[in-house]
Amino acid sequence: MRKYVLPLTVVCIISGFFLAFQLKVQTKSTNYDAVSQKNANLINVIQALEKEIENQENQIETMRNQLNEIQNQNNKGKLQDLQQEIIQAKINAGLTPVIGKGIIITLDDNKEGLLNAPNDDPNKYIIHYEHLLNLVNELKIGGAEAISINGQRLVTTSEIRCVGNLILINTTRIAPPFEVCAIGSPKLMVESISLGQLDLLKTAHYPVALAEKENLTIPAYKGELQFKYAIPQ
Amino acid sequence: MNKARRQIPITIVLLCLGIMLSLQFQAQTRIASDLTYQRSDTLIAMVRGLSEKRQKLALEIIDLSNQLRSQMESSRDEKKLLEGIHLEMEKLRIVNGTTALKGPGIMIIIEEHMPIIYTDLLNIINELWNAGAEAISINEHRITSHSTISVAEDAYSKDGYSIFMTVNHEKLTYPIIIKTIGEPNNLEKGLTLPGGIMDNLALFNAYPEIEKVDKLEIPALEKPTTYYFMTEYKPSEENKESTPPTTNPPGITNPLKTAIPR
């Protein structure tokens, strides 16, 4: 009988500690109750906005596709060159889906690391916007011709940022795991990120995967191109 | 015998422990990406960003409707078609950097003595796009979706070697001047927010100068982008169903309608 006492005590102490910690984590989130009504309203507004934006983007996608088709078919004399020019400019701007040789990089939060060190700062285990920003810059240095992250096509005015601990691209929320697709020379791109962000993430034990693809498709940008202040000279 | 009797309670306790551990882990990961666990100011920032985006999308839909209409009426009215194409082309030239631009905005000036590295430049540019920048140049190099910011070594330097920053693979000389066209106050606010990029740089004793300007001039891209790997993807070619639209363009009905209480 006495023989149980010591191991049981130890185990009970440990489990008690975990229980307390977990309670702490949970109460921390329920502590927001004071402002939770306000937050609930905000979340409703955000979800309604996201829904509406999704509809708008789908509508824009359909309309751009129709426009592309018409412009691809209009082969009338003097306008032909102009239509061709506009199609090339759209491909350049990221308004059409594109296909080509490229790579897919998959990144995820280091869940295992966080699991093994539950009391450590979680910030050391999650993917931050700066990781993505640097990775994208390095892909471009390696000659990437088109890039998307979780289906969000990166265009000139695209931003990669965080609000709280959410990552936003083109003002759209994206969640881990992150799938970064890039069309270009696989060799050059892999070389560029291997000397940089990819290896840094690997060294920090983030789960990272890299795959080469022969026919990689990258979706079109579905957002807006509205300019109010810039005027051609 | 004794040993076996001890194993049962210990197994149970360890099992409970494992379950608790995984539960706790779940609680922690949920915090990382769920809206429910965000602070009010985060949510407010999101609402603001999304509202702005919705409004711009609505304007884009109007543009596209007009565009579609003029394309479809092209057989009757060629002048209108040309006008439409011209407008569309203008937008594309701005985003592709193929035309020089002018407009109000801000100038950021970085001197040689400031401890600013290329990732800071990357962050500043990213922050500017986020704050509503319409066009950006760094030292007369136009920034587009293909622009790169990096460092390089100068092999021919007198002291053996020195490191300098590059934009679009061109060496940057000081002072580095970042020109941005957009709403000057918004652009400035985007950089100087508490805890923002300027606060961050101040930690390293770097204080770039920000200047609001009524009229800025931003040059066009030096050379056009060439593509070796990427081609347009046309899903319609695969399933051979490319029927041209014959109906009226969608979305002309009051695209500015709001569904959100203000």
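A, B, ... follow the sequence lines: proteins, then strands. Residue 1 opens every chain.
- With respect to the salt-bridge test (charged N to carboxylate O, under 4.0 angstrom), the residues A/K111 and A/D109 do not qualify.
- Of the two parts of A/N65, neither the backbone nor the side chain holds a non-hydrogen atom closer than 4.5 Å to a non-hydrogen atom of chain B.
- At a 4.5 Å heavy-atom cutoff, the contact between A/Y129 and chain B is made by side-chain atoms alone.
- Heavy-atom pairs under 4.5 Å with chain A were tallied for B/T226, B/I125, B/L92; the largest tally goes to B/L92.
- With a 4.5 Å cut-off on non-hydrogen atoms, B/I136 does not touch chain A at all.
- In this structure, the portions of B/A100 lying under 4.5 Å from any heavy atom of chain A include both its backbone and its side chain.
- When A/E54, A/E52, A/E224, A/E57 are each tested for a salt bridge (Lys or Arg N to Asp or Glu O under 4.0 Å) with B/R54, only one passes: A/E52.
- Using a 4.5 Å cut-off between heavy atoms, B/T144 touches chain A through backbone and side chain atoms alike.
- Contacts with chain B were tallied for A/A144, A/G94, A/A89; A/A89 has the most, counting heavy-atom pairs under 4.5 Å.
- In this structure, chain A has a heavy atom under 4.5 Å from the side chain of B/T99, while its backbone stays farther away.
- Both the backbone and the side chain of B/Q67 come within contact range of chain A, with heavy atoms under 4.5 Å apart.
- Counting heavy-atom pairs under 4.5 Å between each of B/T225, B/N123, B/I181 and chain A puts B/N123 at the top.
- With chain A as the partner, the residue from B/G49, B/P104, B/G103, B/A45 showing the most heavy-atom pairs under 4.5 Å is B/P104.
- Using a 4.5 Å cut-off between heavy atoms, B/I143 touches chain A through its backbone atoms (N, CA, C, O) alone.
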